[in-house]
Amino acid sequence: DNQSVDNAGQLNAVVRGYSTGTGTTIVGNSGSGHLTITSGTYTPGPLDVGSQDGSDGTVDNGGVLIDDAIIGDAGTGSMNNTAAHGVVGNLILGNQSTGNGTYTITGNTAQTTVTFANPAEAPNGALIVGNAGTGNFTQGMADQSDPGNQVTVAGDVALGLQSGSTGTYTLNDGTLTVGGAMIVGAASTNDNVFTQNGGTVSITGSASGDGLYAPVSPGAVPSTSPG
């Protein structure tokens, strides 16, 4: 069964220790929701933040979060990661045309890791910033005080996947490692921008040797289990 943090109202939930779920966890379904993970490991199943048009969801992760995530599905969603976020499948910001998703990773030991799902999704292991909507990804503090942060994507990174979408990525410091391709403006002709103010980008090509790799196809609609 699906779990909602909010259903037409304001509801905050705080997770401490270990928690697990099987259905989709929705943070901000038709109203406003806020999920805070303070410690331990939280495995909610698929995570949908800002599910419906007009909704607003926020996730603050200070523990270990493992999921398959959409941030800003048809509504507005944001995630702030200061610890460990492991995504199995795809991490999508701004999924539908009305969706607006924002993701921030800060902290010298913070990690965001996107790995391949098995069985494979299509695409698989991708970070999609602006699928049909608007996505913004910020890595590292603006003052470049957390160079130890890491973002590792097994597959592709795509900014502005479908027509009409917009995706921006700002790398202030830290390390971004991409196993597949880096695509800026796939089927989108909007202002899709990758800005590197500091840090390191490494495109390894390692995805091509993995049988679970399914690349991003410009204009294609990804398989999304949340929402």
Side-chain angles (χ1 to χ4, degrees), residues 12 14-16 27-28 32-42 47 49-50 56-67 69-72 76-87 90-94 99-115 125-131 133-160 165-180 182-185 190-204:
N12 295 328
V14 177
V15 176
R16 300 181 181 87
V27 182
S32 180
H34 193 165
L35 174 63
T36 301
I37 300 124
T38 59
S39 62
T41 300
Y42 183 45
L47 181 65
V49 184
D56 186 356
T58 301
V59 176
D60 292 316
N61 178 44
V64 178
L65 173 63
I66 303 171
D67 58 28
I70 292 175
I71 313 299
T76 299
S78 64
M79 175 173 285
N80 306 301
N81 178 33
T82 58
H85 183 199
V87 177
N90 298 305
L91 173 56
I92 300 175
L93 314 181
N100 191 318
T102 301
Y103 192 109
T104 303
I105 173 174
T106 56
N108 214 36
T109 61
Q111 298 181 28
T112 297
T113 305
V114 183
T115 58
L127 168 58
I128 300 172
V129 185
N131 177 30
T134 300
N136 296 279
F137 195 110
T138 301
Q139 181 178 352
M141 299 285 288
D143 63 4
Q144 300 180 334
S145 60
D146 53 351
N149 77 78
Q150 298 179 44
V151 175
T152 304
V153 180
D156 299 338
V157 174
L159 312 183
S165 64
T166 303
T168 60
Y169 194 116
T170 301
L171 174 59
N172 290 316
D173 64 7
T175 302
L176 169 61
T177 303
V178 182
M182 173 79 76
I183 304 166
V184 180
N190 291 334
D191 292 333
N192 305 285
V193 180
F194 184 94
T195 302
Q196 184 173 1
N197 297 319
T200 303
V201 179
S202 176
I203 301 176
T204 66

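Bear in mind that the values here come from a model prediction, so they are computed numbers and not experimental data.
Two residues are said to be in side-chain contact when any heavy atoms from C-beta on lie closer than 4.5 Å; Ile66 and Thr41 meet this criterion. Residues Gln196 and Val201 are in side-chain contact: their nearest non-hydrogen atoms beyond the backbone lie under 4.5 Å apart. Put simply, the side chain of Leu176 does not reach to within 4.5 Å of the side chain of Ile203, judged on heavy atoms. Side-chain atoms of Tyr42 and Leu35, non-hydrogen and from C-beta on, do get closer than 4.5 Å to each other. In this structure, the side chains of Thr102 and Phe137 stay at 4.5 Å or more apart for every pair of heavy atoms. Side-chain atoms of Leu65 and Met79, non-hydrogen and from C-beta on, do get closer than 4.5 Å to each other. Under the 4.5 Å side-chain criterion, counting only non-hydrogen atoms from C-beta, Thr152 is not in contact with Val178.
The structure places OG1 of Thr200 at 8.0 Å from CG of Leu171, a figure rounded to the nearest 0.5 Å. Once rounded to the nearest 0.5 Å, the distance linking CG of Leu91 with CD1 of Ile70 reads 9.5 Å. With values rounded to the nearest 0.5 angstrom, Gln111 atom CD is found 12.5 Å from Thr82 atom OG1. Taking CG from Asn80 and OG1 from Thr104, the interatomic distance works out to 5.5 Å, rounded to the nearest 0.5 Å. Taken from OH in Tyr103 to CG in Leu93, the straight-line distance is 8.5 Å, to the nearest 0.5 Å. Rounding to the nearest 0.5 angstrom, the gap separating the OG atom in Ser165 from the CG atom in Leu159 is 9.5 Å.
For the side-chain hydrogen bond (donor to acceptor under 3.5 Å, both in side chains) with Gln139, the lone residue among Thr175, Asp146, Thr170, Asn149 that qualifies is Asn149. Just one of Asp191, Thr138, Asn136 meets the side-chain hydrogen bond (donor to acceptor under 3.5 Å, both in side chains) condition when paired with Thr168; it is Asn136.
Residues Ser145 and Asn108 share a closest heavy-atom pair of O-OD1, 4.4 Å.
Side chain of Asp156 to backbone of Ala158: no donor-acceptor contact under 3.5 angstrom is found. Of the possible polar contacts, none joining the Asp67 side chain to the Leu47 backbone as a donor-acceptor pair under 3.5 Å is found. At least one donor-acceptor pair under 3.5 Å links the side chain of Asn192 to the backbone N or O of Gly167. In this structure, Thr109 contributes its side chain and Ala83 its backbone to no donor-acceptor pair below 3.5 Å.
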Does the pair Thr112 and Asn81 meet the rule for a side-chain hydrogen bond (donor to acceptor under 3.5 Å, both in side chains), with working shown? CA-CA 8 Å; Thr112 297; Asn81 178 33; 3.0 Å; yes
Run Thr177 and Thr204 through side chain to side chain contact (heavy atoms under 4.5 Å, CB included) and show every step you take. CA-CA 7 Å; Thr177 303; Thr204 66; 3.8 Å; yes
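More than 12 heavy atoms of other residues, nucleotides or ligands lie within 6.0 Å of CG in Asp143, so this atom counts as buried by the packing criterion.
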